[in-house]
Amino acid sequence: MTDHEAAAHSAGPAPLDRFVRLCVPLTGFTAYELRSTGMAQLYFDTAGREIGHRSLDAFLGVWEEAHQGGLGPSRLPALERELARALIYLWYTGAFPRIAPAAHAELRRDRPNQEFVASPESYPEGLVWRAFGGHPAGAKPPGFGTWGDEPPVLPTEAELAARIAAEDAGPGGAVAYDAGSYGSAGESGGSTPAHLLPGPRSSRAVSPSAVPPASSHPVRETSPEAGE
Amino acid sequence: MTTMYDLAAKEYRPPKDLPELKTYLQAAVEIEHLTIPVYMSGLYSIVPGTNAYACEVIRSVLLEEMLHMTLAGNLLNAVGGTPDMGKLTPGYPARLPFGDASLPPIALQHFSPGALETFLLIERPHSFVPSNPDETGWTSIGQFYEAIRRGIVTLEEAARGTGQTIFTGDPAEQVGPEDFYNSGGETFRITDLKSALLAIEVISEQGEGAQDSIWDSDDKIFGEQRQVAHYFRFNEIVTGRSYGPHDLPRTQPSGPLVDVTWQDAYPIDPGAKSAHFAPYPEIHRAVEDFNDTYARLLVLFERVFDGKPREMEKAVPLMLELRDLAQRIYRNPHPDTAGKPGLHASPTFELDDSRLRRAREHITDLLAAPAEIPAQSATGPAGAQKEEQHS
Amino acid sequence: MSVHTTGAAVDGRHYDAIVVGSGWAGSLVARHLGRKNWRVLVLEAGNGGTDNWVDYQDSVRTFSSAVAKVPNSAYRPNRAAPSPDVLDLSPGGPGNPDGYRATGHFLQTGPLPYGTDYLRALGGAGMHWLGAVPRMFPEDFSTRTAYHYGLDWPLGAADLEQHLRDAEHLLGTAGESREQHRLGTVPADHEYPMEQIPPSYQDKVFHKKLDTRTVVDKVAGNREYRLQVYGLPQARNSTPNAAYPTADGSTYKPRGAVGVPNFGERCVGNASCVPVCPVQAKSSPLRLQQDFTGTVEIATRCVVSRVLPGRGNTVRGVEFREYGDPATPASRAYRAEADVVVLAAHAIENAVLLLASHMANSSGNVGKHLMDHPTLLAWAETPPEMPVGPYRGPGHTSGLECFRTAEGRRQRAPFRVEIGNWGWGWATGAPMSSVSGMLGLGGDSDGEVNPDGRYGPALRSALGSHLNRQVQLQIAVEQHADPANRVTIDPSRHRDAMGNPRPIIHYDLAKHVRDGMYAARLAALEIFKLLGATDRSSYGAQADGSYPLGHYRHSPDGVLEELDLVYHGAGHGAGTHVMGAERATSVVDTYQRTHDHPNLFAVGCGSMPSVGTSNPTLTMAALALRSAERIHRDLAELHQPVTVAGPRAARTQEVAQ
């Protein structure tokens, strides 16, 4: 894609609207919440630059189809699954992550596979802080003594899914939430499986997205293509 | 009808007795409040990370307006009254009382040259106002505070003549500096004529400057670094240049350039109402949530001056919550893309009786509830066994 | 207000005192001497600028942009005056469990890495510190006598009482005196200027679950310890304490932010004290610099390279290099002279300066006894029905103090259990790494894309629940003075870009310290059990076969099970020019005057013979005030015979007006 095409790709509201709309089920945040970060355009541009505008377009197409077919991101092919994770990480932290080396190689990226913060303004807009009802370190302070208050009650997974479905409801009706293909463990919560938790940072120089999990993933890769 | 408009409709004179002084001070609380949504709109509509100087200026003025509202509340409390937040302006655009009736009403505007023109109008120094009073005799807010000052002096002198004082409020109910300091000055208790006159001096001089200079009197009053008064701080943004140490009120600023990028703001519909957003549930919910939170802040303020001064500590968290809610709304495009192309959604600062009633219930609960810690868990580490299957 | 000058402008000039370094110690000394009308030159090696609001906000943005939010992440790198950074260290890799690789300012030669940083910039490490100001226990000053390890101080807690109070005033501290008195760190009549910073919600959970419960310490002869959660005194703006006595009887007025008029409110809970408080509710040396009189001049970007010898055993002044651009080390050399020279450049930089100047080292002890608080991190997940709400408030607001004192110290190093308020951030890089973990991002150990992970509503709700349940204990273990842990230089081989010698660090943990860390690990497990939390700490081999930085295996007696342990640096460098009564075994006297040179002082944590289990800043500040008074008396004595009117007398008069 030429620079001119790249500019055309991100110009105008329609492609950005589509990007935001498709990021809603990925992130679990409504379009209003995504727009509230003020970062939609920056993330669209950053993702396009990092994985290539063509690859981003292709990814959005594959994801749109899967989503409309009622499938969650865990049913995506390996590369698209990792791209979904990268976009979610970008929305959740304001930083573009280090991705799986296999995906990095497949994309033939011309940039280092290293985490970086998209802008000084994006870090405080990370959705991870909203996910647990907190605020980013060093920004949006909640006021003297508020740290003594009980942590807020958070919406349940079902409530979040319902909000998104309400927003998604187009001419064809809402897409049902297939909890399993979003990796849901059900509402029970409990202790988090170790392979989904970060292990120790072997040194402070390791970027957050490069921190290995506390244990390796229990299931070995089964080709999703074969599984479908 | 709000007290300030009632008063402004009558003819100019200082308050003649204590009940009238209380009415004037209620109007003072209303006036100080009137500017807060206007400045919040200008500040929170700025795109994050841009217009650093302007952000700093508007933020500093906003803090001082909050200080002024608190001092006005302390004044009213000191003479035995309590502010009534039910009498605040029902919405914007709102007229600026005690001024030139021909001036346009004050609207909620995004950061823009137009908004700054409004800010300048609000903070216009006494001496800049052409002295052509209308039939009521009011010319400016500065003149209004002068009337209060004279009223307080006269009434206190008269009271002293009979061995009494007008400062009968309970000093323990005054808001002191404990929960409000280094934020455009600090609140202080008003218990006598001296502290009352000091409060009026702070309110007037932080706004329009001390004795026909561009400077306020923070250095004298709070032992803080003095700064350029509100009107002149805003003029720095308008002219794109800061004041130098020897500049005068009627000269233009001669100091270093100030970087202002007007395009880095979310343009909004100054006439937006919550009802306009009703067809778009997510935005509507956010605007309603904002208005509810705003009502809670005002009701909290009411409680603070009704015997709970230390609850002032809960005001800052509420203001910070408001900031977050507002900024999130501004970043969303106006959902009516056909009717309001290119505009963004905006908080509307609408208050009505039912909203205030809900806010009062909420604040009552907030002030009553201590944080609960879950009781000792008898079960031990929940889910520990389940976890072992994974590892 | 302070007077800024340049190196070129002061070249060849004479001052009453030259202070090297503008951190807490240097700023306290310079402030005091300035108020006594002495002419003082402060030379700061690093950049200035944070004393105005716009540049200070640049630090906040630098922090926001940083991938790794480490203590120096808010401050721009400086090639001319480099700072050590925790990012300089990485583990040895597979097959090298206790190994490490070091780059950056330090050259490391010891068996274990020295994982502590500091900052060379206006305000020094006082810019990125947490703001914790607990006092040392009286018994911490004499561990050799009482418990047969470490070095004793030549003075006691009582000798420092007034200076500690002055330091608590000047730093602007908030705390609960009654509680601290019960703990045994302050006298009965003590008050802090401000009320205690409110405890976190998590602190309240710990109170409820732990107070009065007991933990048995197998390392310390199965001693039983009764747990009690105590609040932490902090140098952070809080509510003024009405009972605090002030000189004029008025209520204490908290200090505002520097470089912006009329601002500097109470702590609003930005939860980023380290590395930067966006509203400056956390105290910093910049506040003290606001008090500098017109007789105190500061020159930044001036790196002192050596102390100049004077007549006899005195010193004459300093030689320094001034640079213009922090990105390039091009610089010019200048000199300034003074009746008194005060080194306040951080324990390690002070040692380098003394060694490079061949001064104050008749005892051979300069650079020896390097200390820190090796810190064990232990992390756990509380049950779903018991969220603790981390990532809110100051870094830590409460701790468990029972393991810090008494007979247990004989058997293992004492330790203080900080209850961390910022989740698993330090240990794992959470909450960012929690996002990548929950997603399964980054691939497996072969680099292939992971199969499962959570997304959308499942991700948001799982993260929401989990992050609110992250508990992290930061257990700071006392490290005693050990001559083998030391700073040396080798100017012929190891110099920085400007040509100044780099610190060469040899560091290890003695058995007493390793035993303390082992006991700390067991205590953490017991605490987690009492909380009903699931321990998630991990210190052994990771998925790729490598071990975390700071790893070692240890059993205190060969009988107790051998455990993998990992320590982190706490940023508490100390002990490199220890204080003592005997000049044969110590570098400075109780006034931090070098034994060898009557007009050369070395102030800061480097003078401390022991650090106990307290964050050292407050003690260091008290020592600096004690030195400042001594220096004032010295200068006054020096000038006493001068009674005829001369240029100096005229100058003094001018200042008085």
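Every chain is numbered from 1, with letters handed out A, B, ... down the list of sequences. As the structure is a prediction and not an experimental result, all values here were calculated from the model.
Contacts between C:N421 and chain A at a heavy-atom distance below 4.5 Å are absent for every atom of the residue. In this structure, the portions of A:T93 lying under 4.5 Å from any heavy atom of chain C include both its backbone and its side chain.
When each of C:G456, C:G429, C:P390, C:P548 is checked for heavy-atom pairs under 4.5 Å with chain A, C:G456 comes out on top. Taking chain C as the reference chain and counting heavy-atom pairs below 4.5 Å, the highest number among A:P212, A:G72, A:A139 is found for A:A139. Your options are A:K140, A:Q114, A:H135, A:H104, and the one with the most heavy-atom pairs under 4.5 Å with chain C is A:H135. Options C:G393, C:G269, C:G443, C:G437 differ in how many heavy-atom pairs under 4.5 Å they form with chain A, and the most are formed by C:G269. When each of A:A210, A:A102, A:A86 is checked for heavy-atom pairs under 4.5 Å with chain C, A:A102 comes out on top. The candidate with the highest count of non-hydrogen atom pairs below 4.5 Å against chain A, out of C:P275, C:P394, C:P113, is C:P394. Among C:S436, C:A427, C:G442, the residue making the largest number of heavy-atom pairs under 4.5 Å with chain A is C:G442. Comparing C:T397, C:N468, C:D88, C:L377 by heavy-atom pairs within less than 4.5 Å of chain A, the highest count is held by C:N468. Most heavy-atom pairs under 4.5 Å with chain A: of the set C:S90, C:G115, C:P199, this distinction falls to C:P199. Listed options A:P152, A:G134, A:S209 were ranked by heavy-atom pairs under 4.5 angstrom with chain C; first place goes to A:S209. Interface remark: of the candidates A:P141, A:A131, A:G183, A:C23, A:P141 forms the most heavy-atom pairs closer than 4.5 Å to chain C. For the options A:S181, A:P213, A:G145, A:A161, heavy-atom pairs under 4.5 Å to chain C are most numerous at A:A161.
Contact annotation: the side chain of A:T146 never approaches that of C:R392 to less than 4.5 Å [non-hydrogen atoms, C-beta and beyond]. Side-chain contact between C:S461 and A:L160 is present, with heavy atoms from C-beta onward closer than 4.5 Å. Between C:L459 and A:L26, the closest side-chain pair of non-hydrogen atoms is not below 4.5 Å. Under the 4.5 Å side-chain criterion, counting only non-hydrogen atoms from C-beta, A:P200 is in contact with C:W379. Under the 4.5 Å side-chain criterion, counting only non-hydrogen atoms from C-beta, A:F144 is not in contact with C:E265. A heavy-atom distance below 4.5 Å is found between the side chains of C:H466 and A:L197. Put simply, the side chain of A:Y92 reaches to within 4.5 Å of the side chain of C:L463, judged on heavy atoms. Taking 4.5 Å as the limit, every side-chain heavy atom of C:Y547 sits out of range of all side-chain heavy atoms of A:S202.
In plain terms, the two heavy atoms of C:S272 and A:A137 that are nearest each other are CB-C, 3.9 Å. Nearest heavy-atom pair, A:L154 versus C:S465, reported as atom, atom and distance to 0.1 Å: CD1-N, 4.3 Å. Looking at every heavy atom in both residues, C:G464 comes nearest to A:F132 through O-CB, 3.6 Å. In plain terms, the two heavy atoms of C:A458 and A:Y177 that are nearest each other are N-OH, 3.2 Å. The heavy-atom pair separating C:V67 from A:P208 by the smallest distance is CG1-CD, 3.7 Å. Shown here for C:P457 and A:I164, the closest heavy-atom pair between the two residues is CG-CD1, 3.9 Å.
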For the pair C:L89 and A:S203, evaluate side chain to side chain contact (heavy atoms under 4.5 Å, CB included) and give the outcome as yes or no after the intermediate values.
CA-CA 7 Å; C:L89 290 165; A:S203 91; 5.7 Å; no

Q: Evaluate the side chain to side chain contact (heavy atoms under 4.5 Å, CB included) criterion for residues A:L79 and C:V449: first the C-alpha distance (whole Å), next the side-chain angles of each, then the deciding distance (0.1 Å), finally the verdict.
A: CA-CA 7 Å; A:L79 175 65; C:V449 174; over 6 Å; no

Item checked: Stepwise side chain to side chain contact (heavy atoms under 4.5 Å, CB included) check, A:W147 with C:C267 -> CA-CA 11 Å; A:W147 50 89; C:C267 172; 3.6 Å; yes

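Here the CZ atom belonging to A:R204 is positioned 9.0 Å from the OG atom belonging to C:S73, to the nearest 0.5 angstrom. A distance of 9.5 Å separates CG of A:L196 from CG of C:L439, quoted to the nearest 0.5 Å. Going from atom OH of C:Y201 over to atom CG of A:D149 covers 10.0 Å, rounded to the nearest 0.5 Å. Here the OG-CG distance, from A:S216 to C:D444, works out to 8.5 Å after rounding to the nearest 0.5 Å.
With C:N450 as reference, A:R85 is the one residue of A:H195, A:R81, A:E82, A:R85 to meet the side-chain contact (heavy atoms from CB on, under 4.5 Å) rule.
In this structure, a donor-acceptor pair under 3.5 Å is present between the side chains of C:E381 and A:T192.
Ring pair A:Y123/C:F63 is perpendicular by interplanar angle, where above 60° counts as perpendicular and below 30° as parallel.
Under the 6.0 Å distance and 45° angle rule, C:R460 counts as a cation-pi partner of A:F29.
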